[in-house]
Colleague: 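Can you read through this structure? Questions will come right after.
All values reported here derive from a predicted model rather than from experimental measurement. Chain A is the first sequence line, chain B the second, and so forth, proteins listed ahead of strands; every chain is numbered from 1.
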Protein chains: 2
Amino acid sequence: MSPSRRGPRWSSSGGGADGEISPLTVNRLSLYLRALTHLREQGILRVSSKELARRYRFSAALIRKDLAQFGEFGIRGVGYEVVPLAERIAGLLGLERTHSIVICGVGNLGSALARYWGFNHGNFRVVAGVDTDPQKVGRRLGSFTVGHPRELKRLVRESGAEIGVLAVPESAAAENYAGLIAAGIRAVINFAPLRLESTADVRVKNVDLRINLEEVAFFLSH
Amino acid sequence: MSPSRRGPRWSSSGGGADGEISPLTVNRLSLYLRALTHLREQGILRVSSKELARRYRFSAALIRKDLAQFGEFGIRGVGYEVVPLAERIAGLLGLERTHSIVICGVGNLGSALARYWGFNHGNFRVVAGVDTDPQKVGRRLGSFTVGHPRELKRLVRESGAEIGVLAVPESAAAENYAGLIAAGIRAVINFAPLRLESTADVRVKNVDLRINLEEVAFFLSH
DNA sequence: AGATGTGAATGAGTTCACAGCT
DNA sequence: AGCTGTGAACTCATTCACATCT
């Protein structure tokens, strides 16, 4: 049994205080993992936080704080061993196995995501998709056939999907979200332009593409 | 000349301290604008920060702080006038005119974004796209013909594009980024899985779709 | 010697609470 | 009476600096 199976050793100050890891930390773990993978490909087996920071523009202190939230991975006076650390971070992120995805809405964005994620990403796989448009239901997309949202429960059960993606218009988002939850999905990435809130049971990540345009538009004129 | 043409009246504490508006604030302005548009459609002409917060799950104090960074928009004892405030925020975000977008990489994601943004968004328009794949160059996409990255300078000049979108594989990102900058683009939305840094001249918004999956995967197992 | 792990200090962002205006 | 605009308090995140270990 791995040492952090239940309850990582949260430091009493500085890092994540009360017991919940910050999404900012989790995102950095992903970046560290990529950097370590890159180093491994170059045959580099050990790296210090300073060196990792220098090469990939991180903060050395933050690397150490982030990692220390999950245990002691480093060797004092030496640094971190690339391969074991990469494996450990991959484990923390749940990447030791494949995660299956169901997509709601297979229009422009939904079908692009299905192809993008379906092919490129070893640890994630799009295994099902639904749409209310009768023209789309029954169509083949990658390795599955597009279903109707009313079939979500069955599709999720049969495909073992864990992550739901909302790529539907705003007007259909709430309904499809409810459908995903009813089907037992506990993690949702929402591309519809409305804020869905995470709850204790369901983790929601809002990805608002329009807002990104407006953000850069703001800075263009200021 | 509008009162905040040069240098909004930054409060000496609390809000944005030194002279740069936080992206968090800018993103919330977008959300406020949507909420106000929604209210306007319902014929509501005045709203208090408290009411706006209640309806759309914002923080009333933060609405006031955010807006106060740009001037005094409210009427004490009353609230805000929906239509003028919406127009003012739209002005701040630079949405009083159309912004043109050029897309680098018209594969799955790039072409989906072209269609998604090309049709749905009044204030943004995809006016050009490039790809190194000879199969894609010359193809019609929406209202333009796909070009080659070496034509970027001309395409940007002729189309008047201001915002560049990187939807190319990681290996081609740096090169295409350089091409966009050389062509005079000053705002970039980067979908490639590597961090590009904003500079004084160029605003970069990184949108890492893979990292979102890893984030929810983390919370699935914790 | 040299790097980790971590308390303390700093900085950024949000909420509180209320003076001041309508 | 009621709401904005805003200093002060507070919370969250990052950086500093160093005791601790190899």
Colleague: Apply side chain to side chain contact (heavy atoms under 4.5 Å, CB included) to B/Leu194 and list each qualifying residue two or more places apart in sequence or on a separate chain.
Modeller: B/Glu170, B/Ala173, B/Leu196
Colleague: What is the distance, to the nearest angstrom, from the CD atom on B/Gln69 to the C1' atom on C/dG13?
Modeller: 11 Å
Colleague: Report the residue (A/Leu62 or B/Lys50) whose heavy-atom-nearest nucleotide on DNA chain D is the more 5′ of the two.
Modeller: B/Lys50
Colleague: Contact class for A/Leu24 vs. all strands (heavy atom < 4.0 Å): base, sugar-phosphate, or nothing?
Modeller: sugar-phosphate
Colleague: Between A/Tyr177 and A/Asn190, does any side-chain donor sit less than 3.5 Å from a side-chain acceptor?
Modeller: no
Colleague: Please determine if a side-chain N or O atom of A/Thr25 lies less than 4.0 Å away from the OP1 or OP2 oxygen of D/dA13.
Modeller: no
Colleague: What's the shortest heavy-atom distance between A/Val130 and A/Pro149, and which atoms?
Modeller: CB-N, 3.7 Å
Colleague: Protein-nucleotides 16-19 of chain D N/O pairs closer than 3.5 Å?
Modeller:
residue, atom, partner, partner atom, Å
D/dA17, N6, A/Arg64, NH2, 3.2

Colleague: Measure the distance from CZ on A/Arg57 to P on D/dT14 and round it to the nearest whole Å.
Modeller: 18 Å
Colleague: Taking all heavy atoms of A/Cys104 and all of A/Val168, pick out the closest pair and write down the distance.
Modeller: O-CG1, 3.2 Å
Colleague: Rounded to the Å, how far apart are B/Glu51 CD and D/dG2 C1'?
Modeller: 14 Å
Colleague: Report the distance from atom CD of A/Glu72 to atom P of C/dT6, rounded to the nearest whole Å.
Modeller: 5 Å
Colleague: Could you list the residues that satisfy side-chain hydrogen bond (donor to acceptor under 3.5 Å, both in side chains) with A/Arg54, not counting sequence neighbours?
Modeller: A/Glu51
Colleague: Looking only at side-chain N and O atoms, does A/Tyr80 come under 4.0 Å of OP1 or OP2 in D/dT22?
Modeller: no
Colleague: Any side-chain N or O of B/Arg28 less than 4.0 Å from the OP1 or OP2 oxygen of C/dG13?
Modeller: no
Colleague: Examine D/dT4: is either OP1 or OP2 under 4.0 Å from a nitrogen or oxygen in the side chain of B/Ser49? Give yes or no.
Modeller: yes
Colleague: Measure CD1/B/Ile21 against C1'/C/dG13 and give the value in whole Å, please.
Modeller: 13 Å
Colleague: Report yes if some heavy atom in the side chain of B/Lys205 is under 4.5 Å from a heavy atom in the side chain of A/Leu213; otherwise report no.
Modeller: no
Colleague: Can you see which heavy atom on B/Ala217 is nearest to which on A/His99, and at what distance?
Modeller: CB-NE2, 3.9 Å
Colleague: Mind calculating the distance between CD1 (A/Ile63) and C1' (D/dT15) to the nearest angstrom?
Modeller: 13 Å
Colleague: Give the rounded distance in Å between these two atoms: CG of B/Leu52 and P of D/dC3.
Modeller: 13 Å
Colleague: Please state how far atom CZ in B/Phe58 lies from atom P in C/dT14, giving the value in whole angstrom units.
Modeller: 13 Å
Colleague: Please determine if a side-chain N or O atom of B/Ser59 lies less than 4.0 Å away from the OP1 or OP2 oxygen of C/dT14.
Modeller: no
